[in-house]
Amino acid sequence: MDAERIGFIAVVFTLVGVGVGVVGVVAMGWAEAAFATEAVGDADRFGPVFVAQLYLSVTAAALVAAPVLAGVIGLLVGSRTYGSVEAATTCGVGAGGGALAYGVVVVALVVASQGAVAGQAYAATDAIGSVGATAAASAVVGAATGVLGSRAS
């Protein structure tokens with residue numbers, strides 16, 4: 001296991017998480033403005049529910065990207081190692097920890113940005129299971145693609 005490469009992987013995940021989280025915040029601000037702010041009539045009733053569903057959708061879409069990122073990083077970092085075991089452990093631990101940081105950053109940014117019309121949206125604690133599952137899946141993908149990368153070099 002290479003601690004420096006694990007840190008590298010975790011930092012990449014965290015930086016991407018910040019970028020994805022910021023885009024999620026912007027998208028949700030747009031959704032709130034478009035569908036719920038100063039809504040009247042039927043929109044006043046369905047707007048907050050729709051906005052809450054969008055918060056969930058934005059978060060889910062962001063979490064789906066983590067294993068994809070783990071695959072790319074696993075191949076790249078794995079190709080720089082000399083053994084399958086080292087590649088698997090380094091890329092698996094790095095991708096798992098990095099995806100956990102990625103998920104926490106995305107959820108924190110999205111939850112912190114929830115406006116007044118998002119009263120029915122999820123709380124940060126509601127996403128713990130999904131973030132954990134994302135980290136586990138990313139660890140497996142990172143380990144597997146790390147091995148593939150180590151064999152390709």
Side-chain angles (χ1 to χ4, degrees), residues 1-35 48-115 117-153:
M1 217 171 8
D2 184 339
E4 187 175 314
R5 288 185 179 151
I6 290 171
F8 169 78
I9 294 168
V11 167
V12 170
F13 266 94
T14 304
L15 291 172
V16 172
V18 169
V20 170
V22 167
V23 171
V25 167
V26 170
M28 291 317 308
W30 177 35
E32 282 190 32
F35 296 111
V49 174
F50 186 66
V51 167
Q53 290 173 332
L54 286 174
Y55 272 103
L56 184 63
S57 297
V58 163
T59 303
L63 294 180
V64 165
V68 175
L69 182 59
V72 172
I73 293 174
L75 282 172
L76 293 173
V77 172
S79 72
R80 306 293 293 169
T81 62
Y82 298 106
S84 296
V85 173
E86 180 186 2
T89 55
T90 298
C91 295
V93 170
L100 184 62
Y102 170 99
V104 167
V105 166
V106 167
V107 168
L109 287 171
V110 170
V111 168
S113 73
Q114 292 174 353
V117 297
Q120 297 179 24
Y122 73 92
T125 55
D126 296 333
I128 291 172
S130 296
V131 170
T134 299
S138 296
V140 171
V141 170
T145 57
V147 170
L148 290 174
S150 73
R151 301 228 172 145
S153 59

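What you see is a predicted model; the values in this text were computed from it and never measured. The analysis underlying the following values was restricted to heavy atoms, covering all of them including side chains, and did not include hydrogens, waters or symmetry mates.
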Taking all non-hydrogen atoms of both residues into account, name the closest pair between Val106 and Gly17 and its distance. CG2-O, 3.5 Å

Can you give me every donor-acceptor pair (side chain of residues 56-66, partner residue at least two apart or in another chain, under 3.5 Å) with its distance?
| from | atom 1 | to | atom 2 | distance (Å) |
| --- | --- | --- | --- | --- |
| Ser57 | OG | Gln53 | O | 2.9 |
| Thr59 | OG1 | Tyr55 | O | 2.9 |
| Thr59 | OG1 | Tyr122 | OH | 2.5 |

Determine whether a donor-acceptor pair (N or O, by modelled atom type, separation under 3.5 Å) exists between the side chain of Arg5 and the backbone of Ala87. no

Show the nearest heavy-atom pair for residues Gly142 and Thr145, with the distance to one decimal. O-OG1, 3.4 Å

So, applying side-chain contact (heavy atoms from CB on, under 4.5 Å) with Leu109, which one of Val23, Val104, Val25 is it? Val25

Per the side-chain hydrogen bond (donor to acceptor under 3.5 Å, both in side chains) rule, what does the pair list look like for residues 83-104, sequence neighbours excluded? Ser84-Arg151

What one should report as the nearest heavy-atom pair of Gly146 and Cys91 is CA-SG, 3.8 Å

Do Phe13 and Ile9 have side-chain heavy atoms sitting under 4.5 Å apart? yes

Hey, can you pull the donor-acceptor pairs under 3.5 Å for the side chains in residues 128-138, sequence neighbours left out?
| from | atom 1 | to | atom 2 | distance (Å) |
| --- | --- | --- | --- | --- |
| Thr134 | OG1 | Ser130 | O | 2.8 |
| Ser138 | OG | Thr134 | O | 2.8 |

